[in-house]
Amino acid sequence: MSFTLATWNINSVRLREAQVTRLLGEETPDILCLQEIKSPVDKMPLEGFRALGYTHVVARGQKGYNGVAILSKLPIEDAGDRDYAALGHARHVAARLENGVVIHNFYVPAGGDIPDRAQNIKFGQKLDFLTEMRDVFAEEKPQKSILVGDLNIAPREDDVWDHKKLLKIVSHTPVEVNHLTDVMEAGGWADVTRQDIPSGKLFSWWSYRSPDWDAADKGRRLDHIWATGDIKASAHSSRILRTTRGWEQPSDHVPVFATFDL
DNA sequence: ATGGTCGACTATCGA
């Protein structure tokens, strides 16, 4: 079987219901993973998604903040969640396809402004979240698994608009990149997007605060699609849909796609 | 070096 999967930090699914519907209608991924839905699950607007064939939903939500959802045309079953770093936030959910493939959808904490856990509790929580991801995957040794989401880290020099300028900016500091590398190694994860697009600047997020985002292009690649080593060779056709950032009242993130032949 | 903009929901907090 072949399926196309997308991941998108939507920054309020209720405000941007029409944009989700537009993406589903125009791009027709089989599975769409959303982050920052900012809604309890029972207040998610699902009717329009259902009408387009996305009848299977696995989600975790909360009022006002965070929240992750997996919308699927293919049958999926709920494969659970975990409260990483004991924050009490809805930042992870997993689903299982009928062929046994597990999809993990993550919204890693942004980590605040100061990259020092002694001065900024949020930065410590981000590192602790990543450390627990490392430990869980070291224990689980995941197979036939896909991990997507807003990981809030741009690991490579060409994942940011200016590597040197961002070395002390949260999302691109060496300590965060090292933590993310540890997660990848513990789980045997491969970066599918960079497997397909191995070089060149690649961004999935542009700040709302940056004027003229398109021309200035001060972006970062914060949104990722990974796969375990046993299925990484089945992934192809990765792309980042930059155009949604130019839609009216956009999310600051854009969707990332990959296709798997399994 | 600083401030810049959003979204949730009322006054700030989180990003």
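Please read these numbers as outputs of a predicted model, since none were measured by experiment. Atom set for the values below is all heavy atoms of this structure, side chains included, hydrogens, waters and symmetry mates excluded. Chain letters run A, B, ... following the sequence lines, proteins first, then strands; residues in each count from 1.
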*Does the pair D252(A)/R245(A) count as a salt bridge with the N-to-O cut at 4.0 Å?*
no
*asked:* Using a heavy-atom cut-off of 4.0 Å across all strands, would you classify R91(A) as base, sugar-phosphate, or nothing?
replied: sugar-phosphate
*Between Q249(A) and N152(A), which has a closest nucleotide on DNA chain B that is more 5'?*
Q249(A)
_Angle between ring planes, H104(A) versus H92(A), binned at 30° and 60°: parallel, tilted or perpendicular?_
parallel
*salt bridge (Lys or Arg N to Asp or Glu O under 4.0 Å) between D191(A) and R194(A), intermediate numbers included*: CA-CA 6 Å; D191(A) 179 340; R194(A) 280 306 191 181; 5.5 Å; no
_Pairwise P distance, dA1(B) and dT12(B) [rounded to whole Å]_ = 30 Å
_Opening and closing nucleotides of DNA chain B in contact with chain A, under 4.0 Å to non-hydrogen atoms_ = dG4(B) to dA15(B)
*Nearest-Å distance once atom P is located in both dC9(B) and dG14(B)*: 14 Å
*Cation-pi between R22(A) and W247(A): NZ/CZ under 6.0 Å from ring centre and within 45° of the ring axis?*
yes
*At under 4.0 Å between heavy atoms, what does R16(A) touch on the DNA or RNA strands: base, sugar-phosphate, or nothing?*
sugar-phosphate
_Go nucleotide by nucleotide along DNA chain B from the 5' end; which of S210(A) and H253(A) gets its closest nucleotide reached first?_
S210(A)
*With rounding to whole Å, what would you report as the distance between dG3(B) and dG7(B) at their P atoms?*
22 Å
_Spacing of the P atoms in dT5(B) and dT10(B) (rounded, Å)_ = 23 Å
*Qualifying residues under salt bridge (Lys or Arg N to Asp or Glu O under 4.0 Å), relative to D116(A), sequence neighbours excluded*: none
*According to the interplanar angle, ranging from 0 to 90°, do the rings of H163(A) and H172(A) count as parallel (below 30°), tilted (30 to 60°) or perpendicular (above 60°)?*
perpendicular
